[in-house]
Amino acid sequence: QVQLVESGGGLVQPGESLTLSCVASGGASLDGYAVGWFRQAPGKEREGVSCLSSTDMVTFSANSVKGRFTMSSDNSKNTVYLQMNNLKPEDTAVYYCAAQDNYSVYSLNDCSYLEVWGQGTQVTVSS
C-alpha cells in the first residue's frame with residue numbers, strides 16, 4: 001500500500017505563498033490515484049481543501065480557497081502539490097494529503113473517504 005509524506009509547511013505572513021508537496025514513498029506511483037488535500041485547524045473539524053480525480057483530472061476545491069489554491073500532480077516524481085497563494089490567517093491548520101487507487105471522485109466530499117493518509121504538515125499564517 002502506498003504511503004504518503006507531506007512537506008512544505010511553515011510560518012508565513014498574510015498574503016504570502018507556500019507550496020505543499022505530497023510524495024508517495026518507496027517509489028510508489030500515484031498514477032491512477034484520486035488524491036486530496038485536507039486541513040484541520042485547532043478546535044475545528046477536518047475540512048476538504050482540494051481533490052483531484054484520477055479518471056478525468058478534474059479538481060474540486062473548497063469555496064474558501066478557490067482562486068488562491070491550486071492542486072497539481074507530477075507523476076514522474078510521484079508527487080502531488082498544493083500551491084497556496086495569498087494566504088490568510090484562517091488558512092492556519094495542519095494540512096494532510098490522502099489518496100486511493102481506483103476510486104471515483106465526483107465531488108470534494110467524495111475525497112473524504114480516501115483511505116491512505118499522510119501525517120500532515122503545519123501551515124501557520126500570522127503577522
Side-chain angles (χ1 to χ4, degrees):
Q1 185 174 350
V2 69
Q3 292 183 321
L4 305 175
V5 179
E6 303 96 333
S7 64
L11 172 63
V12 296
Q13 295 186 349
E16 293 186 340
S17 299
L18 276 176
T19 299
L20 304 184
S21 300
C22 173
V23 181
S25 64
S29 173
L30 289 175
D31 189 17
Y33 277 71
V35 184
W37 283 98
F38 301 81
R39 66 187 182 187
Q40 187 165 21
K44 294 188 178 181
E45 293 186 354
R46 186 184 68 200
E47 65 171 341
V49 175
S50 189
C51 182
L52 179 64
S53 167
S54 62
T55 54
D56 52 12
M57 303 307 289
V58 172
T59 302
F60 303 92
S61 296
N63 289 332
S64 59
V65 306
K66 284 180 179 178
R68 300 189 298 124
F69 291 11
T70 302
M71 188 173 176
S72 62
S73 64
D74 185 342
N75 289 335
S76 68
K77 297 181 179 179
N78 302 323
T79 302
V80 174
Y81 303 97
L82 184 68
Q83 173 68 42
M84 305 185 295
N85 297 326
N86 190 22
L87 282 161
K88 303 176 181 181
E90 52 263 42
D91 295 318
T92 295
V94 177
Y95 283 71
Y96 301 88
C97 66
Q100 187 169 331
D101 188 17
N102 193 30
Y103 182 82
S104 298
V105 173
Y106 302 102
S107 70
L108 184 60
N109 185 63
D110 286 341
C111 269
S112 297
Y113 302 99
L114 297 177
E115 294 185 345
V116 181
W117 290 76
Q119 294 301 306
T121 184
Q122 176 70 46
V123 173
T124 303
V125 185
S126 175
S127 56

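Positions are given from 1 along the sequence.
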* Asked: Checking side chain to side chain contact (heavy atoms under 4.5 Å, CB included) for the pair D110/S104: CA distance, chi angles, key distance, verdict?
  -> CA-CA 8 Å; D110 286 341; S104 298; over 6 Å; no
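N63 meets the side chain to side chain donor-acceptor pair (under 3.5 Å) test with K66; sequence neighbours excluded. For T59, the side chain to side chain contact (heavy atoms under 4.5 Å, CB included) partners are S50, L52, S61, M71, not counting sequence neighbours. Listed by chain and residue number, D74 satisfy the side chain to side chain donor-acceptor pair (under 3.5 Å) test with S76 (two or more places apart in sequence, or in another chain). In this view, Q122 and T92, V94, T124 satisfy the side chain to side chain contact (heavy atoms under 4.5 Å, CB included) rule, not counting sequence neighbours. Applying the salt bridge (Lys or Arg N to Asp or Glu O under 4.0 Å) criterion to D101, with sequence neighbours excluded, gives no partner residue. The side chain to side chain contact (heavy atoms under 4.5 Å, CB included) test applied to S112 returns F38, N109, not counting sequence neighbours.
The disulfide bond (SG atoms under 2.5 Å apart) analysis of residues 54-87, with sequence neighbours excluded, yields no pairs. Sorted by first then second residue, the side chain to side chain donor-acceptor pair (under 3.5 Å) pairs that include residues 40-49, not counting sequence neighbours, are R39-E47. For residues 65-104, no pair satisfies ring pair (Phe, Tyr, Trp, His ring centres under 6.0 Å), with sequence neighbours left out. Sequence neighbours left out, the pairs with a member in residues 28-79 that pass disulfide bond (SG atoms under 2.5 Å apart) are C51-C111.
Cluster membership for Y106 and V58, using ILVMFWY side-chain heavy atoms within less than 4.5 angstrom, is not shared. Two different hydrophobic clusters hold L30 and F60 under the rule that ILVMFWY side chains link at heavy-atom gaps under 4.5 Å. One hydrophobic cluster holds both L82 and V12 under the rule that ILVMFWY side chains link at heavy-atom gaps under 4.5 Å. With hydrophobic clusters built from ILVMFWY side chains whose heavy atoms lie under 4.5 angstrom apart, L4 shares a cluster with V35. Note on W37 and L108: separate hydrophobic clusters, where clusters join Ile, Leu, Val, Met, Phe, Trp and Tyr whose side-chain heavy atoms are under 4.5 Å apart, directly or indirectly.
Judged purely by atom type and a 3.5 angstrom limit, E115 has no side-chain atom pairing as donor or acceptor with the backbone of Q100. In terms of modelled atom types and a separation under 3.5 Å, the side chain of S29 and the main chain of D31 share a donor-acceptor contact.
Scanning all heavy atoms of the two residues, the minimum distance from G8 to T121 falls at N-OG1, 4.2 Å. Scanning both residues, A62 and G48, for their nearest heavy atoms gives CB-O, 3.5 Å.
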Contacts under 3.5 angstrom, residues 15-25 side chains, donor-acceptor by atom type, not counting sequence neighbours:
{"residue": "E16", "atom": "OE1", "partner": "Q13", "partner atom": "N", "Å": "3.0"}
{"residue": "S17", "atom": "OG", "partner": "N85", "partner atom": "OD1", "Å": "3.0"}
{"residue": "T19", "atom": "OG1", "partner": "Q83", "partner atom": "OE1", "Å": "2.4"}
{"residue": "S25", "atom": "OG", "partner": "Q3", "partner atom": "O", "Å": "3.3"}

